[in-house]
Amino acid sequence: KKNGKISTLALFPNVPTDAFGETIPMQAVPTGVVKGPDGALWYTEFGTDAAPPALPSARVSRMTTGGTVTALTKGMMYDAQPRYSPDGQWVLFTSDRDGGDNVWTIEVATGKTKQITKGKSNRYRSPEWTPDGSYIIVSRAPQPIGPSKPWMFHKDGGAGIQLVRDPAPLPNGAFPLSLVGAAFGKD
């Protein structure tokens with residue numbers, strides 16, 4: 001702990017192998033760490049797929065308060081940005097597991113995943129649950145590079161609605177608004 005912040009390396013010191021017994025390379029530093037209601041830590045672990053050729057991948061893993069690590073997602077997909085639901089039963093994350101960048105949930109008790117958004121061309125970042133756990137707010141861009149806007153989706157999926165739009169037409173010299181992330185809390 002330094003300057004009131006906890007180091008990711010302090011949370012995961014000297015972990016030589018992951019849940020599958022694979023050696024964790026130095027670049028596999030856990031990020032996106034969130035603490036669940038039971039005290040377990042959920043995080044994104046960057047690394048490489050074990051099968052030749054070694055391809056970059058990211059998976060969502062869980063570490064109990066006793067230090068047991070379980071990878072909840074596996075393979076060559078890029079699973080990232082986990083967020084616990086307010087009731088602690090679901091974890092929200094982004095993934096390219098279907099060939100596009102989308103939002104998914106995983107049921108904590110069973111490990112069952114559910115795709116919330118669909119498509120191959122949008123980019124989703126910074127997903128967050130609404131305080132009641134019924135909806136998901138996520139930043140969506142219509143292409144890999146470009147301005148993001150907040151969208152809201154029901155926890156069971158569906159078309160979703162865009163929450164913020166640019167004025168039409170944009171004033172001369174203006175750039176499209178780009179918003180990333182939602183925040184719910186006392187502040």
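No hydrogens, no waters, no symmetry mates; every other heavy atom, side chains included, goes into these values.
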- prompt: Is it true that the side chains of Ser148 and Arg123 contain a donor and an acceptor less than 3.5 Å apart?
  reply: yes
message: Using modelled atom types and a 3.5 Å cut-off, is there a donor and acceptor pairing between side-chain atoms of Thr94 and backbone atoms of Ala80?
response: yes
- prompt: Is a side-chain donor or acceptor of Ser95 paired with a backbone partner of Asp79 at a separation under 3.5 angstrom?
  reply: no
message: Do Trp90 and Val60 land in one hydrophobic cluster if side-chain heavy atoms of ILVMFWY residues count as linked below 4.5 Å?
response: no
Between [Y] and [X], is there a side-chain heavy-atom distance shorter than 4.5 Å?
{"X": "Gln115", "Y": "Asn102", "result": "yes"}
{"X": "Val91", "Y": "Val108", "result": "yes"}
{"X": "Asn122", "Y": "Pro142", "result": "yes"}
{"X": "Leu177", "Y": "Val164", "result": "yes"}
{"X": "Tyr124", "Y": "Trp151", "result": "no"}
{"X": "Leu92", "Y": "Ile136", "result": "yes"}

Nearest heavy atoms of [X] and [Y], plus distance in Å:
{"X": "Pro176", "Y": "Pro147", "result": "CB-CG, 3.7 Å"}
{"X": "Asp87", "Y": "Ser85", "result": "OD1-OG, 2.6 Å"}
{"X": "Ile116", "Y": "Asp156", "result": "CD1-C, 4.4 Å"}
{"X": "Pro127", "Y": "Gln81", "result": "CD-OE1, 3.0 Å"}

field: Under the ring-ring contact (aromatic ring centres under 6.0 Å, His included) test, residues paired with Phe153 that sit two or more places apart
entry: none
message: A cation-pi test, strictly: NZ or CZ of Arg97 under 6.0 Å from the centre of the six-membered ring of Trp104 and no more than 45 degrees from its axis. Yes or no?
response: yes
Rounded distance (nearest 0.5 Å) linking atom [atom1] of [X] with atom [atom2] of [Y]:
{"X": "Gln89", "Y": "Lys155", "atom1": "CD", "atom2": "NZ", "value": "8.5 Å"}
{"X": "Leu163", "Y": "Ser139", "atom1": "CG", "atom2": "OG", "value": "10.0 Å"}
{"X": "Arg140", "Y": "Leu179", "atom1": "CZ", "atom2": "CG", "value": "14.5 Å"}

query: Yes or no on salt bridge (Lys or Arg N to Asp or Glu O under 4.0 Å) for Lys112 and Glu107, after CA distance, side-chain angles and deciding distance?
result: CA-CA 5 Å; Lys112 181 180 173 186; Glu107 189 174 15; 6.0 Å; no
- request: Give me the ring orientation class for Tyr135 and His154: parallel if the planes are under 30° apart, tilted from 30 to 60°, perpendicular past 60°.
  value: perpendicular
- prompt: What do the steps show when you test Asp98 against Lys118 for salt bridge (Lys or Arg N to Asp or Glu O under 4.0 Å), and what is the final call?
  reply: CA-CA 9 Å; Asp98 73 327; Lys118 300 192 185 323; over 6 Å; no
query: Is the shortest side-chain N to carboxylate O distance from Arg125 to Asp101 below 4.0 Å?
result: yes
